[in-house]
Amino acid sequence: MIAKVIVDVPSRQTDRPFDYKVPEAIEDWIEVGSRVGVPFGGRVLQGFVVGLSETATVDSSKLKAVAELLDPVPPLLPDMVELSEWLCAKYCCSRTQALGVMIPAALKGKEERYIGIEEDVETVLLPEALKEEIRENGGWIKLERLLRSFPEHAGSVKEGLRSGMLAVRSSIKDRLAVRTVLTVFPLEDTVAMAAAKQAMPRSAAKQITVLEHLLEHPYPVAMAQLAKELSVAVSTIRALEKKELLSIREVEKERDPYGDRSYERTVPLALTKEQEAVYSRIADVIRSEHHFTMLLHGVTGSGKTEVYLQSIQYCLEQGKQAIVLVPEISLTPQMVERFKGRFGTAVAVLHSRLSDGERYDEWRKIRSGRAVVAIGARSAIFAPFRHIGLIIIDEEHESSYKQEESPKYHARDVAVRRAKQHGAAVVLGSATPSLESFAAASRDMPPGAPSPLLPMPSRVSGRPLPEVEVVDMRSELRDGNRSMFSRKLHGELLRRLERGEQSVLLLNRRGYSTFVMCRSCGYTAACPHCDISLTYHQKTRLVRCHYCGHAEAAPGQCPSCESEHIRYFGTGTQKVEEELAKLFPGIRVIRMDVDTTSGKHAHERLLSQFGERKADVLLGTQMVAKGLDFPYVTLVGVIAADTSLNLPDFRAAERTFQLLTQVAGRAGRHHLEGEVIIQTYSPEHYAIAKSQQHDYAGFVREELRHRSVMAYPPYCRLALVLMSHEQLPAVIAASDRFAAEIRELAQHEGVLVPLSSGRPRAVEVLGPVASSIARMKDRYRFQCVIKYRGSVDVSGMVQRVLQSLLKETAHRGVQFSVDVDPQVII
DNA sequence: AGCACGCCGACT
DNA sequence: GTCGGCGTGCTC
């Protein structure tokens, strides 16, 4: 038998299957999706089996054999191997990257080499110390350790290996410490145990206590826990083991990050008429076993989560599994609690704050079938279930579903592809759907076919959406108020303090960091490697580059004109916090931003503090806008709505509308009425005006008009190709060449026509132009934007051009990065 | 990615 | 005359 293996080498030249003989001993175990160790170019590498056949594609004398099978159960299922093929074709990534993104990091094994002394060979030339060290270790010692102990003998080791005096043995070792716990197993024969207890001498009181306990609870129990509960020594239990009245074994322990918490079981709530209609549509699709993607458009507070829960329940009853994706940021304890409360231990939770080990344990729960619901961020879309019936993507418009590193996949698109493979239902849920999803769901359907649009326009509580007031900050300034708080927001904050209610303040800080600028000459501190402005960090008094990490001392005077009028600009959450403390002495503020939420449980700790009303104000960036639900929050303030509006990004208006709508939904969710104040310098902008009126449809109409005029999604699709090189001429040459080649290819296929032509298949190539960050990490960057429409295989075209381009020596050293479906173009 | 093979400068 | 620079090419 021959195994086709993708080896774990991140290089274009090795990005194809290699053939290996399968040793008979593992023939029955190896499968498509197995992880193996294979000899490759003089070392042993990890690889994935993507095919099994009887014949090889190269002559069999060249074939080597699979060295080892790394898991008893293949970590990937055959449908995922197929999915990996689709991933690398669509997103222009290597096969290794596509496979790697589907498994937990703990399973990215590395070679470990062990050194031994060859038998029946004269080894007199080897240093005595080396031979002794190896012998003392039972004949084999890790190469790394040997070299660390005897750095002076590195040459001898190399020579010993070359001349055959030393032997090397390689094995792939997972990056994983499997934790074990000593566990006490009571005798299965309880009668014998009871008899032994009777026969114990009275002096063995402690041993009798243990036996009594085990007779009452005849289940395996952790030894440490047993000893503590009964306050007996471990040696007492050991003594019983000697008498063969129980056994002690090491049991693999799973790290359950939620293990120390118990969840109140919840029961399905009665659905409203609206919820019921949506639920039954979803259930119909699950039952049909035919893939169908639906868009659940529900206002904040419309009870989407309960619909999710009951749909999942139905899916499980059909004997299928369900995946729920939520944005990382809203994967809060509150959210997890609702799912654990309904489905108990059948839920696996996957989020980025887990350690590699914890993530691996949750993943294994899925792979082994002990979990049937996976809830997690983006990568949970690769949960290794066998029969997926339902995939839910909550807050589907969130940009965190797009991975920004290769493979640059969009979880929404992967979800649809997986659902097609499994015949599953996809539910995209949002109060503010992305224009792409809304347009797709609003397409004309064949007569009689059910619509993919599932509307939930009313709130479960029956409460109206909160009042939103827009404050024009220009008139504040005109009236002499130079503070970052308008008089209105100031007054309302004060009222909340007096009444003991809580407020949420949002600082929309995207692209709005504290930068250093000279008021005399206009000099700004910029990174010498990346050409972007440096941000000021008060704690360390350093200015730092957000891209490469370059840091230097904050200048005390202008390096350009030597003026003293150098100032730190922009409003960070820290600054707002200081201002709050000044304006409202004694105010209790919880600040949430990247600085305060970096710890493992910092995010949830801060939120629970706020939930316990230990603070008056929750101040934060985007992360306070999502999914929070606190009954005493009656005021939401947005400090500057337009910071995101003015970004040079075609989705700026959409992002702003979404953010404002989301954050407004945080106020007055319970018995107290909520109020929202939006401060802005452009109150007339439709993104702000329509969010004030809670008018999604109105916003979409306006925004679609803009997108149509400018030919942006959903009226076309985009691909971004970024090229970089240390030398400017090299990157200019490469990008010019790339643009010419791709145009020629499109011309050849007859699709190089302007989008405005109205032709169903069209491709436009823009650029090349210098990237807006023209240099990063000492590399110059140029980019091409490709706009296209219809069934044009742009990924395939780009890959073909890159393949021929990279063969040419002139373009060696040029790095290409392809983003199909980029979320931001700046 | 690594590692070996291969053709041109400063050293015993 | 050799040791070693890293350019080029291959890995089942």
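Worth knowing before you read on, the calculation uses all heavy atoms, side chains too, and leaves out hydrogens, waters and symmetry mates. To find a chain, count down the sequence lines: A is the first, B the second, and so on, and within it residues start at 1.
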Task: N-O pairing of A:Glu404 and A:Lys408 below 4.0 Å - done: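 Salt bridge between A:Glu404 and A:Lys408, a charged N being under 4.0 Å from a carboxylate O: no.
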TODO: State whether A:Asp79 and A:Arg418 are salt-bridged, where the test is any N-O pair (Lys NZ or Arg NE/NH1/NH2 against Asp/Glu carboxylate O) under 4.0 Å.
DONE: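 Yes, charged N to carboxylate O under 4.0 Å.
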Open item on the list: My understanding is that only residues two or more places apart in sequence, or in another chain, count here; which of them pass side-chain hydrogen bond (donor to acceptor under 3.5 Å, both in side chains) with A:Ser156?
Closed with: none
What is the distance, rounded to the nearest whole Å, between atom [atom1] of [X] and atom [atom2] of [N]?
X        : N      : atom1 : atom2 : result
A:Lys110 : B:dA1  : NZ    : C1'   : 12 Å
A:Asp8   : B:dA1  : CG    : C1'   : 10 Å
A:Leu143 : B:dG2  : CG    : C1'   : 15 Å
A:Asp15  : B:dA1  : CG    : C1'   : 13 Å
A:Leu45  : B:dA1  : CG    : P     : 13 Å
A:Arg43  : C:dC12 : CZ    : P     : 10 Å
A:Arg812 : C:dG7  : CZ    : P     : 10 Å
A:Leu806 : C:dT8  : CG    : P     : 15 Å

TODO: Looking at every strand, decide which applies to A:Pro17 at a 4.0 Å heavy-atom threshold: base, sugar-phosphate, or nothing.
DONE: nothing
TODO: Mind checking A:Phe40 for me? I need base, sugar-phosphate or nothing, with any heavy atom below 4.0 Å counting as a touch.
DONE: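 Base contact.
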Task: Selection from C:dT11, C:dT8, C:dC12 that lies nearest to any side-chain heavy atom of A:Asp19 - done: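 Selected nucleotide (nearest to the side chain): C:dC12.
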TODO: Measure from the side chain of A:Arg113, starting at C-beta and using heavy atoms only, and say which of B:dC3, C:dC10, C:dC12 lies closest.
DONE: B:dC3
Open item on the list: Counting the benzene-type ring for Trp, do A:Phe40 and A:Tyr20 have ring centres under 6.0 Å apart?
Closed with: no
- [ ] Could you tell me whether the side-chain ring of A:Phe18 sits stacked on the base of C:dC12, using a centroid cut-off under 5.5 Å and a plane angle under 30°?
- [x] no
Task: Phosphate-side-chain proximity, A:Lys62 and C:dT11, N/O vs OP1/OP2 below 4.0 Å - done: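 Affirmative; the distance criterion is met.
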Task: Residues that A:Glu764 engages under salt bridge (charged side-chain N to carboxylate O under 4.0 Å, His left out), provided they are two or more places apart - done: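 By the salt bridge (charged side-chain N to carboxylate O under 4.0 Å, His left out) rule, A:Glu764 matches no residue at all.
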Open item on the list: Should the side chain of A:Arg12 and the base of B:dA1 be counted as holding a donor-acceptor pair, with the cut-off at 3.5 Å?
Closed with: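 Counting by modelled atom types and ignoring angles, no donor-acceptor contact under 3.5 Å is found here.
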